[in-house]
Q: 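Sharing a structure, written as structure tokens. Questions coming.
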Amino acid sequence: MKFATRLLTFDPVPGDRYTPANTPIYQTATFRQENATEFGEYDYCRSGNPTRSVVEKQIAALEGGARGFCFSTGLAAITAVTRLVAPGEEIVACDDLYGGTYRLFSRILAKRGIGVRYVDFSDLDIVAAAIGSKTKLVYLETPTNPLLQIIDIRAVAGIAHRSGAVVCVDNSTMSPYLQRPLELDADIVLHSATKFLCGHSDVMAGAVVVNDAELGDELYLIQNGEGAGLAPFDSYLLLRGIKTLSLRLDRQQSNATAIAEFLDARPSVSQVYFPGFADAKQLRIHRSQASGDGAVLSFVTGHPELSRTVVEATRLFNITVSFGGVNSTISLPNYMSHASIPESLRQLKSIPRDLVRVSVGAEDVEDLIEDLGQAFEFAAQRSRDSKVFGVAAD
Ligand SMILES: *Cc1c(COP(=O)(O)O)cnc(C)c1O
């Protein structure tokens, strides 16, 4: 079956004697046992719940993996993966990471005796030099967020596996519709399912998928033992969101491509970051491992004040952190999603202060472009009136 069919074709309620056509919310903390000495398939909701099992199976199937685990947030999923690393062992991570992941790695894991090295994953020699005998986990995002840099998953996995390290890819910006890291030799794929998988900015969730049985058993022990599994109602919302993943992304992606082209043509935009606009080498890698460019893009204007004015002058783009929802959003990552660590302490690639990130929604693209156009015109007028930007914006 093709992907869009698979999104809608799965057993919604394994074993339910009423055979409902849609997955019910099994809103219960416990399950009655047949007798005092034997457990049934489910006993306690932290350990397992039928609604969560359906969505975990579905995400695993879509990522081409054997087992899936859903967590209360994306960061809970990332935390679970970091539990695979023991004190004294190390993580090698790409230096263009989601701000919350960096906060977890640098401020919480450090205290547990887990070292993290941040290196530029676009240079494979640097990656090879950074991975050592203590390296347990190699961690990356591609395309990165918010600079949309491309990392070669197969090549990194090849290098990591030579040293026996486990490779984890945060696939939140692409979703399994556009990129399936397990098929590219990664060992673990994870998601902030809050983003494209849920797609409606109405629930927080995380997911981890693996193929290896031993890794699967370890992750189940962590999910059950630490108690951050996804609740039944949130599992239901996530499952409902996933059904329209390809429908939403087809529309959002074509809107994003049109907006990237619109921005690229504006004199006051100095650079647009979007996978399709990457340099030839990065573009070739991206095309070889993903089937689309997604719906997140960013751009710089050269002037933080100009960027802020454009962001605040839009009417259809909500100023919010996060991305991947059906509503368009706009943000200044340096001040919002990536502000959790002071610039001076960051070991990551620095994010330009004038960087604007746009998550393109499913609205009519003509309205979106018209709105961005009026926001740029407003900013240009302000700049002419006050000369605050020190330049004539277009
Ligand atoms: C949002 C995000 C996370 C964290 O997920 P939450 O659901 O917010 O906890 C992790 N990785 C990436 C790439 C993200 O965008």
Side-chain angles (χ1 to χ4, degrees), residues 55 59 63 68-83 91 93-109 116 118 121 137 139-151 153 168-176 178-179 181 186 188-209 223 226 228-231 234-235 237-238 241-242 249 252 256 273 275 290 294-298 318 320-325 329-334 336-341 348-349 351 355 357-360:
V55 72
I59 292 179
E63 282 287 0
F69 304 93
C70 286
F71 294 88
S72 56
T73 64
L75 268 169
I78 298 168
T79 301
V81 169
T82 65
R83 296 297 199 220
I91 299 174
C94 70
D95 65 358
D96 191 6
L97 272 186
Y98 174 67
T101 305
Y102 180 67
R103 180 175 48 200
L104 168 70
F105 284 7
S106 63
R107 292 179 59 184
I108 299 175
L109 293 191
V116 187
Y118 303 92
F121 272 43
L137 181 67
Y139 189 96
L140 65 121
E141 300 172 19
T142 181
T144 64
N145 158 40
L147 293 173
L148 286 304
Q149 302 296 296
I150 309 298
I151 291 165
I153 298 174
C168 177
V169 178
D170 180 334
N171 201 28
S172 306
T173 52
M174 285 281 99
S175 90
L178 301 178
Q179 178 172 273
I188 303 173
V189 56
L190 71 79
H191 284 275
S192 168
T194 312
K195 314 289 166 54
F196 283 108
L197 290 178
C198 286
H200 295 76
S201 308
D202 56 2
V203 64
M204 299 211 64
V208 179
V209 179
Q223 185 194 44
E226 297 200 315
L230 193 63
D234 292 348
S235 298
L237 284 175
L238 174 54
I242 289 172
L249 251 178
Q252 291 176 240
Y273 300 94
V296 179
L297 57 89
S298 57
N318 295 323
T320 67
V321 293
S322 195
F323 61 82
T329 65
I330 195 160
S331 67
L332 293 172
N334 198 52
M336 295 168 65
S337 50
H338 290 64
S340 49
I341 308 282
L348 302 186
K349 264 205 180 78
I351 294 163
L355 188 79
R357 186 182 72 191
V358 181
S359 172
V360 182

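When a ligand or atom number is given, it counts from 1 through the structure's own listing order. Just so it is clear, the model here is predicted, and its values are computed rather than measured.
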Q: So, regarding Thr101 and ligand 1 (criterion: nitrogen or oxygen to nitrogen or oxygen, under 3.5 Å), is there a contact or not?
A: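 Between Thr101 and ligand 1 (N or O atoms, distance only) the closest approach is not under 3.5 Å.
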Q: Closest by any non-hydrogen atom to atom 14 (C) of ligand 1: pick that one out of Lys195, His191, Met204.
A: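 The residue whose heavy atom sits nearest atom 14 (C) of ligand 1 is Lys195.
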Q: Kindly indicate whether the side chain of Asp234, heavy atoms from C-beta on, has any atom under 4.5 Å from the side chain of Met204.
A: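 No, too far: nothing below the 4.5 Å cut-off.
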Q: Under 4.0 Å from a heavy atom of Gly74: give me the atoms of ligand 1 that qualify, with their elements.
A: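 Taking each heavy atom of Gly74 in turn, ligand 1 has 5 (O), 6 (P), 7 (O), 9 (O) under 4.0 Å.
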Q: Taking distance alone, with N or O pairs closer than 3.5 Å, would you say Phe323 contacts ligand 1?
A: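 It does not: no N or O of Phe323 is found under 3.5 Å from an N or O of ligand 1.
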Q: What do we get for Ile78 next to ligand 1 when only non-hydrogen atoms under 4.0 Å count, side chain, backbone, both or neither?
A: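 For Ile78, the contact with ligand 1 is made by the side chain alone.
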Q: Tell me the protein heavy atom at minimum distance from atom 11 (N) of ligand 1, and give that distance in Å.
A: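 Looking only at protein heavy atoms, the one closest to atom 11 (N) of ligand 1 is Asp170 OD2, 2.6 Å.
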Q: Is any side-chain heavy atom of Leu190 closer than 4.5 Å to one of Tyr139?
A: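 Tyr139 reaches Leu190 side chain to side chain.
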Q: Flag this pair as yes if the NZ/CZ of Lys349 is under 6.0 angstrom from the six-membered ring centre of Tyr273 and inside a 45 degree cone about the axis; otherwise no.
A: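 Not flagged: Lys349 not positioned over aromatic ring of Tyr273.
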Q: Could you find the nearest protein heavy atom to atom 4 (C) of ligand 1 and give me its residue, atom name and distance?
A: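 It is Tyr98 CE2, 3.5 Å.
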Q: Using modelled atom types only, decide if a donor and an acceptor are shared between the side chain of His191 and the backbone of Val189 within a distance under 3.5 Å.
A: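 No; judged by distance alone, with no hydrogens or angles, the pair does not exist.
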Q: Answer yes or no: is there a donor N or O on one side and an acceptor on the other, between the side chain of Gln223 and the main chain of Cys70, under 3.5 Å?
A: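 The answer is yes, because a donor-acceptor pair under 3.5 Å joins these two groups.
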Q: Distance to 0.1 Å, residue and atom name: give those for the protein heavy atom nearest to atom 5 (O) of ligand 1.
A: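 I find the closest protein heavy atom is Ser192 OG, 2.9 Å.
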Q: Among Thr142, Ile150, Leu140, find the one that has a side-chain contact (heavy atoms from CB on, under 4.5 Å) with Phe121.
A: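 Of all the options given, the one that passes is Leu140.
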Q: Hey, does Leu197 have a side-chain heavy atom less than 4.5 Å from the side chain of Pro176?
A: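 With C-beta onward as the side chain, the pair touches.
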Q: Quick one: which ligand 1 atoms are inside 4.0 Å of a heavy atom on Thr73?
A: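 Heavy-atom distances to Thr73 below 4.0 Å select 7 (O), 9 (O).
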Q: Going by the order shown, which atoms of ligand 1 are within less than 4.0 Å of some heavy atom of Asn145?
A: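 Reading through ligand 1 atom by atom, the close ones are 15 (O).
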Q: Using modelled atom types and a 3.5 Å cut-off, is there a donor and acceptor pairing between side-chain atoms of Ser175 and backbone atoms of Phe196?
A: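 Side chain of Ser175 to backbone of Phe196: no pair is present.
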Q: For atom 9 (O) of ligand 1, find the nearest protein heavy atom and state the residue, atom name and distance (0.1 Å precision).
A: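 Atom 9 (O) of ligand 1 sits closest to the protein heavy atom Leu75 N, 2.8 Å.
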Q: For atom 7 (O) of ligand 1, which protein heavy atom lies nearest, and how many Å away is it?
A: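 Here the nearest protein heavy atom works out to Thr194 OG1, 2.7 Å.
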